[in-house]
Amino acid sequence: QVQLVESGGGLVQAGGSLRLSCAASGTIFKLGAMDWYRQGPGKQRELVARRTGTGMTNYADSVKGRFTISRDNAKNTVYLQMNNLKPEDTAVYYCKVWILATAGSMYQSYWGQGTQVTVSS
């Protein structure tokens, strides 16, 4: 019974910035890795950023230096700060959060509903 609610998408001009949020609610004991994926028109869904439970981050080459993933454990929220946006960043962005519901359970992943990001040239 975990829900992820995404927000922050919208329309922005090239060079602009957006910050996406993904808030988890429900039965949550501990957060694991928190990921951001995107799927552009005619493209495969790709992992763009990941922050592990130990703080390690990974970024797709196409967004390195422009995107930053962060998390606020107190709010059970992961963010994706997107700067210097390009038209090729246009996609539906999805968060994926790994959650340990109870101390004795196993980590399970949950998907957000997706939020549209459109970057105009």
Side-chain angles (χ1 to χ4, degrees):
Q1 286 76 350
V2 174
Q3 296 183 134
L4 304 181
V5 178
E6 298 184 33
S7 62
L11 175 65
V12 65
Q13 294 185 23
S17 299
L18 287 172
R19 188 179 75 158
L20 306 183
S21 298
C22 176
S25 62
T27 304
I28 302 171
F29 175 73
K30 185 180 295 185
L31 296 174
M34 307 182 83
D35 307 334
W36 285 99
Y37 289 77
R38 70 183 181 189
Q39 187 165 18
K43 298 181 179 180
Q44 300 279 4
R45 185 172 297 188
E46 64 173 338
L47 177 67
V48 298
R50 166 174 288 170
R51 190 185 193 281
T52 70
T54 59
M56 182 178 178
T57 58
N58 295 284
Y59 298 93
D61 289 341
S62 59
V63 307
K64 287 181 179 177
R66 300 187 298 118
F67 289 12
T68 303
I69 186 171
S70 62
R71 61 193 286 171
D72 185 338
N73 288 336
K75 297 181 178 181
N76 292 329
T77 300
V78 60
Y79 305 94
L80 185 67
Q81 179 66 47
M82 305 184 294
N83 297 325
N84 191 25
L85 284 162
K86 304 175 180 179
E88 49 263 46
D89 295 319
T90 295
V92 177
Y93 284 72
Y94 301 89
C95 62
K96 180 182 180 182
V97 180
W98 294 83
I99 293 173
L100 190 68
T102 66
S105 64
M106 298 179 65
Y107 279 97
Q108 292 184 315
S109 63
Y110 299 86
W111 287 94
Q113 81 279 9
T115 185
Q116 177 70 48
V117 172
T118 302
V119 184
S120 62
S121 60

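When reading the values below, keep in mind they use all heavy atoms of this one structure, side chains included, and skip hydrogens, waters and symmetry mates. Owing to the predicted nature of the structure, the values given are computational and were not obtained by experimental measurement.
Residue Q113 holds its CD atom at 8.0 Å from SG of C22, rounded to the nearest 0.5 Å. In this structure, OH on Y93 lies 10.5 Å from OG1 on T115, to the nearest 0.5 angstrom. Between the CD atom of Q81 and the CG atom of L20 there is a distance of 9.0 Å, given to the nearest 0.5 Å.
Among all heavy-atom pairs drawn from C95 and E6, the shortest one is N-OE2, 2.9 Å. Summarising the geometry of S21 relative to T77, their closest heavy-atom pair is CB-CG2, 4.5 Å, with the distance given to 0.1 Å. Taking each heavy atom of Y110 and L4 in turn, the nearest pair found is O-CD1, 3.0 Å. Closest of all the heavy-atom pairs between P87 and S121 is CG-CB, 3.7 Å. A pairwise comparison of heavy atoms in S17 and N83 identifies OG-OD1, 2.9 Å as the closest pair. Across all their heavy atoms, K43 and E88 have their closest contact at NZ-O, 4.1 Å.
Sequence neighbours left out, not one pair with a member in residues 53-90 passes ring-ring contact (aromatic ring centres under 6.0 Å, His included). Contacts classified as ring-ring contact (aromatic ring centres under 6.0 Å, His included) and involving residues 37-58 (residues at least two apart or in different chains) are given here: Y37-W111. Listed by first and then second residue, the salt bridge (charged side-chain N to carboxylate O under 4.0 Å, His left out) pairs that reach into residues 18-36 are D35-R50, sequence neighbours excluded.
Cluster annotation: L47 is not connected to V63 through the hydrophobic network of ILVMFWY side chains, with a link wherever side-chain heavy atoms come within less than 4.5 Å. One hydrophobic cluster, built from ILVMFWY side chains closer than 4.5 Å, holds both L100 and W98. Under a hydrophobic clustering in which Ile, Leu, Val, Met, Phe, Trp and Tyr are joined whenever their side-chain heavy atoms come within less than 4.5 Å, directly or via other members, Y94 and I99 fall into different clusters.
In this structure, the salt bridge (charged side-chain N to carboxylate O under 4.0 Å, His left out) partners of K64, at least two apart in sequence or on a different chain, are D61. Contacts of V12 classified as side chain to side chain contact (heavy atoms under 4.5 Å, CB included), with partners at least two apart in sequence or in another chain: L18, L85, V119. Checked against salt bridge (charged side-chain N to carboxylate O under 4.0 Å, His left out), R66 has the following partners two or more places apart in sequence or in another chain: D89.
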Notebook entry, point to check: Please walk me through it: do V78 and R51 pass side-chain contact (heavy atoms from CB on, under 4.5 Å)?
Noted result: CA-CA 9 Å; V78 60; R51 190 185 193 281; 5.8 Å; no
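At least one side-chain heavy atom of R38 sits less than 4.5 Å from a side-chain heavy atom of S62.
Under a 3.5 Å cut-off, the side chain of Q3 and the backbone N or O of S25 do not form any donor-acceptor pair. Of the possible donor and acceptor atoms, none in the side chain of Q116 sits under 3.5 Å from a partner among the backbone N and O of G9.
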